[in-house]
Amino acid sequence: MPELPEVETTRRGISPHLLNQSVQQVIIRNRNLRWPISRQLANDIKDQTITSIERRGKYLLLGTDKGTLIIHLGMSGSLRILPCDEEVKKHDHFDLQMKNGQCLRLHDPRRFGAVLWTRKSPETHKLLSALGPEPLSEQFNTEYLFNRSRQRKQVIKTFIMDSKIVTGVGNIYASEALFLAGIHPKHAAGRISQTRYAKLAESIKTVLEAAIEQGGTTLKDFTQSDGKPGYFKQQLNVYGRADESCTSCGTKIKQLTLGQRASYFCPHCQK
DNA sequence: AGTGCGGCCTGTCCGC
DNA sequence: TGCGGACAGGCCGCAC
């Protein structure tokens, strides 16, 4: 499942192949994603040159002079750079074929992803305008988290997974960051001290940065057609480790459901 | 306004 | 071995 680090690694992987390249044509093989891919999109982006490739939360933004292509990978989406004539596989939804013969291909079995086009500046798009700060930015800091959390009755795990609070912290890294910060996932967000929020902000940045760093070294070549899409799994301390021993103290990791999401924590290390 | 949850999908896993 | 059902998971959009 692509979390922010995978999306960032994808961004870095595809950028050199697409930047300053022009679109030959768009092929929509299966419109069915979270929202149907617009048929008009093919006309909008044809002949445009990709001038920027950015990331906002887990959204990838391919900028042109006429507008921006917004891509979200959902939970099973992957992007690869391939020759345009590469064999099409099941669940290949979308091709952005470039004039240099390279192709950006979106593969998404569970169809939770999205491909959208906007003529406006992307930050004003409905899906992006309400997003909180980037977790790796300076705006995301102790004071910000502390201030936003006051009066909140919500548990801390769902609070940090709220995209309006901070964008891009998914289920895996929410659990991992709380473990690193020593905070119980069920703790009320409004009752956590500023000191502990300092630790939490730092922990969120640390786990995401470590995963991005590892992505850079373990990721498969984005231009290869065989093998895995290229996602990687960092060594995780708590996520998916119910009933296993805590890497720090040996206590059995526990699992509970918060906001309909599996959550993992060490009952000894996290209070 | 804050909060919780339904729904979209299919590969994988589990039990019979 | 084959089959059916439960489940995971991002996150919008609605209901309260």
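In what follows, chains are A, B, ... by sequence order, proteins preceding strands, each numbered from 1.
- Distance, A/Asn171 CG to B/dC5 P: 15 Å, rounded to whole Å.
- Using a cutoff of 4.0 Å between basic side-chain nitrogens and carboxylate oxygens, A/Lys66 and A/Asp44 are not scored as salt-bridged.
- Rounded to whole Å, the distance from CD1 on A/Ile172 to C1' on C/dC11 is 15 Å.
- OP1 and OP2 of C/dC11 both lie 4.0 Å or more from every side-chain N or O belonging to A/Arg34.
- For A/Arg261 and C/dG10, the shortest distance from a side-chain N or O to OP1 or OP2 is below 4.0 Å.
- Remark: A/Arg111 is in phosphate contact with B/dT10, judged by side-chain N or O atoms under 4.0 Å from OP1 or OP2.
- Once the 5.5 Å centre distance and the 30° plane angle are applied, the aromatic ring of A/Phe112 is found stacked with the base of B/dC8.
- Between A/Arg29 and A/Asp92, the shortest heavy-atom contact is CB-O, 3.5 Å.
- Between A/Lys126 and the phosphate of C/dG13, there is a side-chain N or O to OP1/OP2 separation shorter than 4.0 Å.
- Straight-line distance from the CZ atom of A/Phe159 to the P atom of B/dA1: 17 Å, rounded to whole Å.
- For A/His91 and B/dG11, the shortest distance from a side-chain N or O to OP1 or OP2 is below 4.0 Å.
- Atoms CD1 (A/Ile70) and C1' (C/dG10) sit 16 Å apart, rounded to a whole Å.
- Atom CG in A/Asp108 sits about 14 Å away from atom C1' in C/dC11, given to the nearest Å.
- Phosphate contact (OP1/OP2 of B/dC5, side-chain N/O of A/Gln260, threshold under 4.0 Å): absent.
- Atom CG of A/Asp162 is separated from atom P of B/dA1 by 15 Å (rounded to the nearest Å).
- Note on ring orientation: taking the six-membered ring where Trp is involved, the planes of A/His107 and A/His91 are perpendicular (angle over 60°, cut-offs 30° and 60°).
- Here A/Glu8 pairs with A/Arg11 in a salt bridge; the nearest charged N to carboxylate O distance falls below 4.0 Å.
- The CD1 atom of A/Ile81 sits 8.5 Å away from atom CG of A/Leu96, with the distance rounded to the nearest 0.5 Å.
- Ranking B/dT3, C/dA8, C/dC11 by closeness to the A/Lys153 side chain, first place goes to B/dT3.
- Taking for each of A/Tyr264 and A/Leu127 the nucleotide of DNA chain C with the nearest heavy atom, the 5'-most of the two is the partner of A/Tyr264.
- If you check C/dC12, B/dG11, C/dG10 against the side chain of A/Trp35, the one that comes closest is C/dC12.
- Atom CZ of A/Arg110 and atom P of C/dA8 are 11 Å apart (whole Å).
- To the nearest angstrom, P of B/dA1 lies 14 Å from CD1 of A/Ile165.
- Taking a pair to require two hydrogen-bonding distances under 3.5 Å in either a Watson-Crick or a G-U wobble arrangement, C/dT1 remains unpaired.
- When the side-chain nitrogen and oxygen atoms of A/Tyr59 are compared with OP1 and OP2 of C/dC12, one or more of them lie within a distance under 4.0 Å.
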